[in-house]
Amino acid sequence: LAKTTQPISMDSYEGQEVNITCSHNNIATNDYITWYQQFPSQGPRFIIQGYKTKVTNEVASLFIPADRKSSTLSLPRVSLSDTAVYYCLVGDNQAGTALIFGKGTTLSVSS
Amino acid sequence: NAGVTQTPKFQVLKTGQSMTLQCAQDMNHNSMYWYRQDPGMGLRLIYYSASEGTTDKGEVPNGYNVSRLNKREFSLRLESAAPSQTSVYFCASSEDRAGGETQYFGPGTRLLVL
């Protein structure tokens with residue numbers, strides 16, 4: 001299983017762009033990169049998933065360099081409601097592979 | 001669609017008591033999971049079920065049992081609760097048992113064992 005490393009915490013202000021980088025040096029060929037968001041007292045919620053290059057949806061963008069050893073979640077123009085814990089996960093499509101949630105990155109957005 | 005539902009929302013147990021946490025999903029997903037989350041920690045997988053009738057151990061299965069009652073329901077049982085099992089328990093489901101799939105989580109059950 002590819003281990004992921006991400007910052008424990010980040011601070012930002014409303015309206016700024018936030019980039020959270022995740023390192024996964026041992027990522028395997030079949031692994032996908034997935035980001036989840038968790039608000040206090042709630043279960044995690046899927047944000048975005050990618051395999052290579054760039055993926056964008058209505059919530060965020062995910063940048064994956066060619067070597068795939070890291071990835072960056074980009075949140076444009078954050079608001080107070082984006083204050084949450086963000087988890088980077090790496091996993092393949094083989095049955096029996098467990099998803100590993102690390103401690104995540106706690107993002108605090110201030111006004 | 002209600003998504004993933006869990007009952008109860010909160011429970012207090014005494015050491016040695018037993019209880020069953022219930023989980024149901026209405027998305028027709030094949031795979032279901034039970035996680036626990038301790039303060040300041042990420043989620044740790046307890047058990048999962050890739051399909052109806054099958055269950056497998058995750059990272060921290062000791063002290064727990066599970067039952068995949070049907071495609072919709074996946075229960076987690078604590079036979080003899082211990083203070084170390086004080087935690088928030090999340091149930092999740094996904095379309096297939098695959099690392100790249102999206103998991104959908106329930107609201108959680110907060111368990112306090114005294």
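Throughout, protein chains are lettered first and strands after them, A, B, ... in sequence-line order, and every chain is numbered starting at 1.
Contact annotation for B/Q6: neither backbone nor side-chain heavy atoms come within less than 4.5 Å of a heavy atom of chain A. Looking at B/R44, there are no atoms closer than 4.5 Å to chain A (heavy atoms on both sides), in backbone or side chain.
Contact of the A/S41 side chain with the B/R110 side chain is registered, since non-hydrogen atoms from C-beta on lie closer than 4.5 Å.
Heavy-atom neighbours of A/F39 CZ from other residues, nucleotides or ligands within 6.0 Å: above the threshold of 12.
Residues A/V109 and A/V18 fall within the same hydrophobic cluster, defined by Ile, Leu, Val, Met, Phe, Trp and Tyr side chains chained together at heavy-atom separations under 4.5 Å. Taking hydrophobic clusters as Ile, Leu, Val, Met, Phe, Trp and Tyr residues chained together by side-chain heavy-atom distances below 4.5 Å, B/F105 does not share a cluster with B/F74. Cluster annotation: B/M32 and A/F46 are assigned to distinct hydrophobic clusters (Ile/Leu/Val/Met/Phe/Trp/Tyr, side-chain heavy-atom contacts under 4.5 Å, transitive). Placement of A/F63 and A/L89 in two distinct hydrophobic clusters is found when ILVMFWY residues are connected by side-chain heavy-atom separations under 4.5 Å, directly or transitively.
Taking every heavy atom of both residues into account, B/L43 and A/Y87 meet most closely at CD1-OH, 4.2 Å. When all heavy atoms of B/Q103 and A/Y36 are compared, the pair lying nearest together is N-OH, 2.8 Å.
Between atom OH of residue B/Y35 and atom CZ of residue A/F101 there is a gap of 5.0 Å, rounded to the nearest 0.5 Å.
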